[in-house]
Every structure is written in C-alpha cells, then in structure tokens.
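Working notes, structure below.
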Amino acid sequence: VWILPLPGLWSVRLVASFGLFLLALQIACGDVSYSFPEEMKRGSVVGNIAKDLGIEVGKLGARKARIDADGNSKRYCDINLSTGDIIVADRIDREGLCGKKASCVLKQELVLENPLELHSISVHVQDINDNSPQFKKNTIKFEIGESAPKGSRYRLDEAHDADVGQNAIQGYSIEANENFRLNGGGRKHSELVLVKELDREQEKELKLVLTAVDGGSPQRSGTATIHVTVLDANDNAPVFSQAIYKVSLPENSPVDTVVVTVSATDADEGPNGDITYNFDHLSEDHVSLFSLDHKTGEIRVVGSVDYETETSIELRVRAKDGPGLTSYSTVILDITDVNDNPPVISLKSLTNPIPENVSPGTEVGIINVQDRDSESNRQVRCTIQQGAPFNLVPSIKNYYSLVTTGQLDRELVSDYNITITATDEGSPPLSSSKTVQLSVADINDNPPVFEEQSYSAYVSENNKPGSTLCSVTARDPDWRQNGTVIYSLLPGEVNGAPVSSYVSVNGDTGVIHAVRSFDYEQFRSFKVQVMARDNGSPPLSSNVTVSVFVADQHQRAGCSQCLTKLVSGQIEQLIFVYSMFLRPEVPENVVYTLIPYFFNF
Ligand SMILES: *[C@@H]1O[C@H](CO)[C@@H](O)[C@H](O)[C@H]1NC(C)=O
Ligand SMILES: *[C@@H]1O[C@H](CO)[C@@H](O)[C@H](O)[C@H]1NC(C)=O
Ligand SMILES: *[C@@H]1O[C@H](CO)[C@@H](O)[C@H](O)[C@H]1NC(C)=O
C-alpha cells in the first residue's frame with residue numbers, strides 16, 4: 001500500500017504531477033489507492049480505474065462494474081462506465097469521517113462480474129483548510145488585581161480547529177497592548193503574561209482580541225475577546241485638593257461658622273477610597289476652638305477665637321483611607337481683628353494732693369492708654385471732662401500728661417473728680433473712662449479777716465476789773481493751722497501806761513476784757529489795736545482798731561434822781577441817742593443797750 005507521507009495540499013499537487021508513475025505502481029499491486037481532497041463537487045473525477053487496473057473501458061458495462069462500500073461504510077464514489085472514471089458520489093468531509101486522525105482513508109470496492117473480481121480502492125482523503133480556529137467562548141474573562149506582579153501568568157483556553165496538520169492551529173496572537181503579551185510568542189498553547197503592572201485607576205478593564213491562526217492557505221483565523229477586570233488594590237493614598245488651605249477668619253466668629261472644608265480624593269475604590277478626616281496633633285487650646293467633620297472635612301468654630309491671643313493658627317489635617325494610607329494638609333487661619341477691646345486707661349503717676357499754688361501748666365499726673373486691638377481699632381483718642389482746670393497733653397507714644405490749665409484755689413474747690421474718656425477708632429468705637437480724684441492741698445494764702453472794719457466797746461465807769469468789753473472775730477478760710485486764728489493786743493500806750501494794763505484779749509476767743517476799773521473823769525475813750533494772726537508758717541495777720549467808750553455813772557445816777565429836771569433836757573438826750581445811731585463805729589445793739597442808761601429806766 002502506498003503511503004502518502006505528505007499531508008494537505010502538497011500531496012494533492014504531488015499526486016497530480018506524478019500521477020502516471022504512481023498509477024503504474026498501483027496496477028502492480030492489484031489494489032488502487034487515490035489521494036483526493038475532501039469536499040470536492042459530486043462528479044469530480046478521483047481517478048480512472050479502468051486505466052489503473054488495466055481493464056478495457058468497453059467491458060465495464062458488460063461486467064457490471066460498480067462501486068460498493070467496504071463493510072458498513074457509506075458509498076462515496078461511483079464509476080462512470082463509459083470512461084472508467086471514479087467520480088465523487090457523495091460529500092466527502094474529512095473532518096466528519098476521520099476527525100483529528102492524521103490520515104483519513106476511505107475504503108471502497110470495485111465489483112466486476114463475469115468473472116467476479118473485487119478490487120479495493122483506498123481514497124486517501126486529503127484535508128483542505130475548510131475550518132477556522134474557534135474558541136469555546138467568545139469572551140475569556142479574567143479578574144486580576146492591580147497589585148499582581150510582573151511576570152504573572154494566566155492560562156488561556158485553547159482554540160479548536162477541526163482541520164489537521166498544517167491546517168490546524170499554528171499559533172496565537174494578541175492585540176498590541178502595554179500590559180500583556182503571549183507566552184513563548186504564542187506558538188503552542190496560549191498563556192497571558194503580565195509585562196507591565198496594571199493600574200485600576202488608569203484603566204478599570206482591558207479588552208484584548210486574541211487571535212488563533214491556522215497554517216492553511218488561505219489562512220483562517222478565529223478570535224475571542226480577553227476581558228480583564230482590574231481589581232483594586234489600596235495603592236493610592238488620599239490626595240488633598242490643596243497642600244495648604246489659607247483662610248481668613250474674623251475673631252469672635254460665632255459658634256458653628258464654617259471655616260473651610262478640606263477635601264481629599266482617593267483614586268482607589270470601595271473602602272480603599274473611603275476617606276476620614278482628622279486633626280493631627282491639635283494643641284489643647286485649639287481643640288476647644290475648632291471641630292472637624294470626619295466625613296465631610298468641614299472645619300467649624302466651636303469656641304471663641306481671639307485675635308489678641310493668636311493672630312494666626314495652623315491646623316494639621318490628616319486624611320486616611322480605609323486600610324490606613326494617610327496624607328496631610330495644613331490649614332492656615334489668618335485671624336482678623338474685630339474691635340472687641342475697649343481702651344484701658346491706667347494712671348501711671350499722680351501728684352495728689354496738689355498744692356493750690358502750683359503754676360498753670362504743671363504736670364500733675366501721667367496716664368497711659370492701651371488698646372489690645374490692632375490697626376485703627378487700637379487708635380485711641382483721649383478726652384478730658386470740660387470745666388475743670390485740667391487738660392490732657394499727648395506725650396510719648398500712648399502716654400498723656402495731666403496738666404493744670406489755671407490757678408487752683410483750695411478755698412473755692414478743694415476736690416476734683418476728673419473723668420478721662422478714651423475712645424478707639426473701631427467701628428463701632430469702644431470707649432472707657434476713668435475718674436481721677438484730685439485734692440488740692442492748702443497753702444497759707446489767706447490772712448485772717450476781721451468781720452468788722454473796727455470795733456467799739458461801751459463801758460460805764462467803775463466797772464469791775466475782768467468784765468467783758470466786747471469781742472472781735474476774724475475769719476481765715478485756710479485749712480487747719482493755716483486757718484486757726486490767734487488774737488493778741490498790739491503794744492501801745494494809753495495815758496502813758498501800756499495798753500495791756502487797761503485791757504486784755506483772749507487769744508482763742510477774741511473776747512476783750514477790762515483789766516481795771518475805768519474812771520470817766522480820767523478819760524472818756526481810748527483806742528487799742530488787736531491783731532489776728534493765723535498759725536501758718538509763715539503766719540499771716542491783720543490788725544483792727546477797737547474804740548472803748550467810758551460812760552459817766554453820776555450822770556446816770558443824777559438822771560434817776562432828778563427825772564423832772566431832766567425832762568426839759570429830754571430833747572438833748574434823744575439827739576444824743578440819735579447821733580449814736582449815726583455813728584458807724586457804734587453798733588446798733590450797743591445803742592439799744594445805752595438807751596436805758598440815758599433815760600434812767
Ligand atoms: C468725687 O467722687 C467721690 C467718690 O465717688 C465722692 O465721694 C466725692 O463727693 C466726689 N467729689 C466731687 C467734688 O464731686
Ligand atoms: C499750711 O500752709 C503751708 C504753706 O504755706 C503748707 O506747707 C502746710 O502744709 C499747710 N498746712 C495744712 C495743714 O494744710
Ligand atoms: C499790724 O501792726 C503791727 C504793729 O504796728 C505791724 O507790724 C503789722 O504789719 C500790722 N499788720 C497789718 C496787716 O497791717
């Protein structure tokens with residue numbers, strides 16, 4: 001039996017070229033063998049059996065030549081009795097007949113009668129490339145974690161090609177891509193190899209066309225889609241929208257004011273991309289000032305933010321994803337000033353009490369004004385209550401001098417309550433005031449002053465020594481000893497004798513006493529000088545004249561004895577009393593006391 005070593009189309013060509021030579025061999029063997037491609041049309045000539053067996057064509061009909069199937073097999077060939085050709089009678093499908101078997105031989109028999117002859121005909125069915133490679137499924141699914149290392153391998157389903165030999169699958173190829181290539185060039189069975197790590201965040205899924213090709217001519221191919229779903233790995237840390245959030249926040253912002261909302265994104269999915277926000281190393285002071293919503297990243301005011309405590313606050317914020325990858329951002333709060341501090345007035349020094357004789361323009365105090373706010377909120381104007389002889393003079397920086405603007409007089413005003421008001425230039429402005437209490441200290445600037453310009457004393461003669469003549473009073477508005485009055489007699493002479501031998505004055509009360517009994521016949525009147533002196537140092541004094549009038553006792557006695565004699569003189573008496581009224585140095589009450597004497601009541 002001739003065995004054809006070459007498969008496929010090659011063999012068909014060879015058969016055609018060396019046909020004669022081969023047929024000669026077959027005759028010698030008695031049986032006939034043909035090589036014939038599958039799927040030829042009915043009626044196609046496989047070979048000429050008459051020639052090959054050396055039978056006369058004309059005798060074929062007579063000998064009832066016919067083709068029988070060998071055994072149970074089907075009859076695929078027929079014989080053309082007029083030419084002796086073996087022709088295709090039924091569809092010859094190599095794959096249907098032999099599957100993947102490397103050689104496919106169709107056994108038929110030529111039956112001749114008279115005499116009966118049996119010739120076995122072997123038709124070697126040659127494969128033609130009539131089947132394409134085919135994958136079991138159109139889609140090949142993979143789920144590959146993005147953390148899969150380079151070099152990871154993934155077995156691919158093989159494609160199937162019903163054809164054999166060269167017409168069977170010769171190789172695989174994959175659509176050009178960055179991540180995968182086929183192992184070993186895809187020659188044999190196909191295996192995906194990861195050549196570049198996957199990144200879910202860049203590409204969630206890949207679709208690659210896998211192609212299987214056979215070696216036929218023309219070549220046939222089949223495709224399937226490799227569908228790679230990239231599974232997430234927590235390979236991305238959260239990323240803040242800003243590395244630094246700069247925010248300006250007015251101090252005293254009410255509780256619940258939203259300061260800023262920080263935000264971070266995480267490219268990963270699911271819990272790998274779930275972000276929670278927290279403060280990082282927040283100082284005790286700031287814990288009570290700000291809150292951070294773990295989910296939304298909203299920072300709110302929860303306490304009282306004070307510009308005067310801190311003008312700038314830095315908060316570190318941390319964003320963390322589910323498995324714990326972390327990133328940080330900084331929130332810089334620029335606190336802006338609000339006019340919430342009134343000026344504070346402090347009295348740095350004060351001369352108190354102030355002597356009343358200080359000259360105008362004397363500095364009596366130093367005042368300092370502070371405002372804890374800033375900018376115009378700390379610009380302060382100071383005013384002083386009008387009406388008092390004091391003024392504020394701006395000095396160095398925020399110092400003011402309190403100076404007198406006029407002459408002080410303790411005897412007029414001894415105490416001042418001076419109100420100083422400081423107002424800042426905030427909007428609305430805040431102000432505060434302070435009252436400075438000032439006392440004026442006494443200076444002995446007032447001499448004692450007698451209530452009268454002069455005094456007169458009336459006494460009847462033969463008075464008792466030590467009797468009271470009159471009293472003088474001087475007033476001194478100064479303070480304490482500067483205003484304490486001491487009376488004394490100024491030295492002098494009356495009728496050649498010292499005045500002190502006639503009268504004396506009580507130094508404390510100013511009451512003047514007679515030292516001896518006076519005699520009307522000796523003198524009718526005399527004058528003494530009384531001095532009022534204060535106790536100041538140096539003391540001040542003033543002098544006053546006291547006139548003493550002595551009245552005649554006989555006249556009085558006479559008057560009482562001879563009232564009738566005097567009646568005629570009553571007009572004279574009245575004129576005298578009247579004249580006494582006119583004398584300015586004689587006080588009215590003294591005149592009244594004299595009347596009974598004259599009229600001898
Ligand atoms: C000053 O203030 C004090 C205390 O308030 C008060 O006792 C005093 O009378 C005031 N003096 C004047 C002159 O207003
Ligand atoms: C009296 O005046 C003098 C100055 O003339 C002064 O030094 C003194 O302190 C004053 N005395 C009193 C009690 O005010
Ligand atoms: C009062 O009189 C005395 C003695 O003559 C004299 O020294 C003194 O200056 C006088 N005082 C006044 C205020 O005139």
Side-chain angles (χ1 to χ4, degrees), residues 345-347 350-360 362 364-365 367 383-392 402-422 432-457 470-508 510 512 526-548 585:
I345 303 170
S346 44
L347 191 58
L350 185 67
T351 311
N352 190 26
I354 325 159
E356 55 181 326
N357 64 346
V358 294
S359 49
T362 304
V364 296
I367 279 151
T383 55
I384 190 164
Q385 161 204 357
Q386 296 301 301
F390 294 97
N391 201 6
L392 271 183
L402 181 62
V403 296
T404 60
T405 55
Q407 201 66 58
L408 302 180
D409 186 355
R410 190 201 67 84
E411 286 73 48
L412 279 176
V413 186
S414 63
D415 288 290
Y416 291 96
N417 284 346
I418 303 161
T419 305
I420 293 163
T421 306
S432 65
S433 46
K434 188 178 189 76
T435 300
V436 178
Q437 282 194 31
L438 270 177
S439 304
V440 183
D442 189 44
I443 291 293
N444 194 21
D445 55 354
N446 289 285
V449 173
F450 282 100
E451 287 178 343
E452 309 289 339
Q453 281 187 335
S454 62
Y455 291 85
S456 301
C470 69
S471 80
V472 296
T473 308
R475 308 224 173 261
D476 187 326
D478 287 326
W479 185 244
R480 298 265 161 90
Q481 56 263 49
N482 291 340
T484 305
V485 181
I486 299 154
Y487 303 95
S488 60
L489 280 179
L490 281 179
E493 285 188 357
V494 175
N495 285 349
V499 74
S500 57
S501 60
Y502 292 92
V503 291
S504 70
V505 64
N506 183 312
D508 295 332
I512 296 171
F526 60 91
K527 292 184 180 195
V528 293
Q529 294 278 311
V530 176
M531 179 170 77
R533 179 180 59 85
D534 63 27
N535 222 355
S537 164
L540 296 175
S541 66
S542 36
N543 299 339
V544 77
T545 306
V546 178
S547 308
V548 179
E585 73 268 24

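Whatever order the structure lists ligands and atoms in, that order sets their numbers, starting from 1.
Side-chain contact between R533 and P448: absent, with no pair of heavy atoms (C-beta onward) separated by less than 4.5 Å. Residues L540 and N446 form no side-chain contact, since every pair of their non-hydrogen atoms from C-beta on lies 4.5 Å or further apart. The side-chain heavy atoms of D442 and E356, taken from C-beta on, include a pair separated by under 4.5 Å.
For a heavy-atom separation below 4.0 Å, the residues in contact with ligand 3 are L490, S541, S542, N543.
Between F390 and Y416, the two ring planes are perpendicular [angle over 60°; tilted spans 30° to 60°].
Every atom of ligand 2 is numbered from 1 in the order shown, and the set under 4.0 Å from a heavy atom of Q481 is 13 (C). The Q437 neighbourhood of ligand 1 comprises atoms 2 (O), 3 (C), 4 (C), with distances under 4.0 Å to a heavy atom of that residue.
In terms of heavy atoms, Q529 sits closest to T545 at NE2-OG1, 2.8 Å.
In terms of polar-atom proximity, W479 is not counted as a contact of ligand 2, lacking any N or O under 3.5 Å from an N or O of the ligand. Residue D415 has no nitrogen or oxygen atom sitting less than 3.5 Å from a nitrogen or oxygen atom of ligand 1, judged on distance alone.
In summary, the side chains of N482 and D534 do not present any donor paired with an acceptor at a separation below 3.5 Å, with no hydrogens or angles considered.
Both the backbone and the side chain of N444 come within 4.0 Å of ligand 2, counting heavy atoms alone.
Using modelled atom types, no side-chain atom of S547 and backbone atom of S456 make a donor-acceptor pair closer than 3.5 Å. Checking side-chain atoms of N444 against main-chain N and O of P539 turns up no donor-acceptor pair under 3.5 Å.
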